[in-house]
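Structure, as C-alpha cells:
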Protein chains: 2
Amino acid sequence: MADLKTPHHPLFLREEELRYSIELMFFAYRDFTAEADTMLASCGLGRAHHRVIYFVGRNPGINVSDLLAILNITKQSLSRVLSHLITDDYICQEQGTTDKRQRLLSLTDKGKTLEHDVTMIQRRRFAQAFKSVSTNDVTGFISVMEAMLDDKTLPLLRRTPMTRMK
Amino acid sequence: MADLKTPHHPLFLREEELRYSIELMFFAYRDFTAEADTMLASCGLGRAHHRVIYFVGRNPGINVSDLLAILNITKQSLSRVLSHLITDDYICQEQGTTDKRQRLLSLTDKGKTLEHDVTMIQRRRFAQAFKSVSTNDVTGFISVMEAMLDDKTLPLLRRTPMTRMK
DNA sequence: AAAATATGTCAACATGGCTGACTTAAAAAC
DNA sequence: GTTTTTAAGTCAGCCATGTTGACATATTTT
C-alpha cells in the first residue's frame, strides 16, 4: 500500500485511517460477541465456556496442553470452566491410549448442540456481512486480519481451503 | 457475494470460511490488544482505562453521558476507572457552561502523552498489516468490519474521509 | 413548586484472568 | 530400577472489569 505514504495521502489521512481501524476493531468485536454472550448467559455459561466448547469441537480428542496453547490462559483458569462443562455434560474426557497421563477432550451430544447453536449466531453475522460486500472485500478482510496476527498465533489457526487457494 | 451460494462453492467451504473468520476475529483481537495491555499494566492501568483515555482524547470536552453511550457500560463501572484517571492526573473535568450539571472531560498533557503512546502501539500494528496487503484489501477489511456492526453502533463511529471517499 | 436530568456514591456480586504452592500418575532418562 | 520430567489437577487468594440496586445532590425543565 505504498500510495498511503505518497503526498497524495497526507499524513493526517493515514493517521485517521489507522484510528478508524482501531475503532472498528473495538466496536466490531463488541457487537460480534454480544449476541452469543446473551445466549450463553441463558445457559448459565460465559464467553470462556464458549471458547472451550468451540476449540474442543474443532479439535475432537485434543489434550489439555494443546487446548491451553490455543487459549493462552493458565490451567487454573481453564480448570474452572472445563470442570463446569464436564459436570454439566457438555464435554467428556477419556484417557489417552499412547500416553495414559493425557485426558483427551471431546464434545458430548449436548455439547455439540450448544456449540452449534452459539457459533451459528456468530456465523450468521459474518454471513450477513459477507453478503453485503464483494468477494474482493472478503478476501481483503481475511488478508488484513491474517496480517494482524503475531507469528506465534499462525500455527494455531486452521487454514481454510479458500485461504490456501489465494 | 452471490457466488458463495452457487454449487461452485459447496456448503462445507462456506461453513469453513465462516468458522475461519470467527477464529481470525478471536486471535486478531487478542494479538491486537496484548501489546497495549502490557504497556498499560506498567502504568498500573488496564484496558478499560485506555478506552476512556482514547475516547476522551477523541472527543475533548465530552460529557459523561455521551462517553457512557460510546463505551456502553454502567456509570458505576466508568466511575471506577474515571476517578482513577482523574486522581492520577490523566483527565481533567470542568463544569459545563450552558448546563452546569455536566462535567466536561478532557485529557491533561500527561493523558495526551499516554493516549498517544498506547494508541501508537495499535496504530503501528495496523500500519504494518496494511503495508503487507493491497489497497483493495484494506478497503475490503473496512467494508467487512463496517458490515459487522449493529445499526446502533454506526452513529458512535467517526467516519474518516477515506471511508466517505468510497 | 415539582419533576426530570446529569452526575456521583456505596455496597454487593459475577466472570474470568492471574500467581504460588502442592499432589498424583505416568513417561522418560539415567 | 531409581530418578527426573511431564501431564493433569487442586486449593487458596488476588485483581480487573463488568453487573444491579439504592440513594444523594445539584441543576434544569415543566
Side-chain angles (χ1 to χ4, degrees), chain A residues 26 29-30 33-34 36-56 61-88 91-106, chain B residues 26 29-30 33-34 36-56 61-88 91-105 118:
Chain A
F26 169 62
Y29 191 79
R30 194 171 72 179
T33 49
D37 285 351
T38 302
M39 160 172 283
L40 287 159
S42 75
C43 305
L45 301 175
R47 200 179 293 182
H49 300 94
H50 180 220
R51 285 178 191 153
V52 172
I53 287 181
Y54 181 88
F55 286 110
V56 169
I62 191 174
N63 65 46
V64 175
S65 301
D66 290 349
L67 182 56
L68 284 173
I70 292 175
L71 296 172
N72 200 27
I73 58 178
T74 60
K75 67 178 171 180
Q76 294 93 327
S77 296
L78 174 60
S79 171
R80 199 158 32 199
V81 285
L82 184 55
S83 43
H84 184 165
L85 291 170
I86 291 167
T87 301
D88 288 6
I91 283 182
C92 57
Q93 344 172 253
E94 62 176 309
Q95 201 170 41
T97 49
T98 62
D99 187 336
K100 288 180 181 171
R101 291 171 304 181
Q102 296 182 332
R103 304 299 154 83
L104 308 182
L105 307 172
S106 308
Chain B
F26 169 61
Y29 190 79
R30 195 172 71 180
T33 48
D37 284 351
T38 302
M39 162 172 282
L40 286 159
S42 76
C43 306
L45 302 174
R47 199 180 293 184
H49 301 92
H50 181 220
R51 285 178 191 152
V52 172
I53 286 181
Y54 181 89
F55 285 110
V56 169
I62 192 175
N63 65 46
V64 175
S65 301
D66 290 348
L67 182 57
L68 284 173
I70 292 174
L71 296 173
N72 200 29
I73 58 177
T74 59
K75 68 179 170 178
Q76 295 92 326
S77 297
L78 174 59
S79 173
R80 199 161 27 204
V81 285
L82 184 55
S83 42
H84 184 163
L85 291 170
I86 290 168
T87 302
D88 287 6
I91 283 182
C92 56
Q93 338 171 258
E94 63 176 309
Q95 201 168 40
T97 49
T98 63
D99 186 338
K100 288 181 183 170
R101 290 171 304 180
Q102 295 182 333
R103 303 300 154 84
L104 308 183
L105 308 172
V118 178

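Below, chain A is the first sequence line, B the second, and so on; all start at residue 1. Hydrogens, waters and symmetry mates are skipped; everything else that's a heavy atom, side chains included, is used.
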Worksheet entry | Spatial distance of atom CG (D37(A)) from atom CG (L45(A)) [nearest 0.5 Å] | 11.0 Å
Discussion item. Please check this pair: side chain of R30(A) against backbone of L71(B), looking for a donor-acceptor N/O pair closer than 3.5 Å.
Written reply: yes
Worksheet item: Does any non-hydrogen side-chain atom of V64(A) lie less than 4.5 Å from one of K75(A)?
Response: no
Worksheet item: Is the base of dG16(C) touched by the side chain of Q76(A) through a donor-acceptor pair closer than 3.5 angstrom?
Response: no
Worksheet item: Just wondering, do I62(A) and I70(A) contact through their side chains at under 4.5 Å, heavy atoms?
Response: yes
Discussion item. In the structure I gave you, are the side-chain heavy atoms of V52(A) and L105(A) within less than 4.5 Å of one another anywhere?
Written reply: no
Item to complete: Check whether any side-chain nitrogen or oxygen of S79(B) sits under 4.0 Å from OP1 or OP2 of dG8(C), and answer yes or no.
Response: no
Worksheet, complete the sentence: Separation of dT15(C) atom P from I73(B) atom CD1, nearest Å, is 19 Å
Worksheet entry | Side-chain heavy-atom pair R80(B), H84(B) within 4.5 angstrom cut-off | no
Worksheet item: Within the modelled atom types, does a donor on one side and an acceptor on the other bring the side chain of R103(B) and the base of dG8(C) under 3.5 Å apart?
Response: no
Practice prompt. Record whether the side chain of R101(B) comes under 3.5 Å of the base of dT5(C) through a donor-acceptor pair of N or O atoms.
Written response: yes
Worksheet, complete the sentence: From CD of Q95(A) across to C1' of dA26(C) the rounded distance in Å is 9 Å
Discussion item. Does a side-chain N or O of Q93(B) approach OP1 or OP2 of dG8(C) to a distance below 4.0 Å, or not?
Written reply: yes
Item to complete: Establish whether the base of dT7(C) is bridged to the side chain of K75(B) by a donor-acceptor pair shorter than 3.5 Å.
Response: yes
Worksheet item: For the pair made of NE2 in H84(A) and C1' in dG16(C), what is the distance, rounded to whole Å?
Response: 13 Å
Worksheet, complete the sentence: To the nearest angstrom, the CG-P distance between D99(B) and dT7(C) comes to 7 Å
Worksheet item: Does S65(B) place a side-chain N or O at less than 4.0 Å from the phosphate oxygens OP1/OP2 of dT7(C)?
Response: yes
Worksheet, complete the sentence: When rounded to whole Å, the CZ to C1' distance for the pair R80(B) and dT19(D) reads 9 Å
Worksheet entry | Heavy-atom closest contact (S79(A) atom, S83(A) atom, distance) | O-OG, 2.5 Å
Worksheet item: Between dG16(C) and S77(A), is there an OP1 or OP2 to side-chain N/O distance shorter than 4.0 Å?
Response: no
Fill in: Close residues, residues 43-55 of chain B, relative to DNA chain D [heavy-atom separation under 4.0 Å]
G46(B), R47(B), A48(B), H49(B), R51(B)
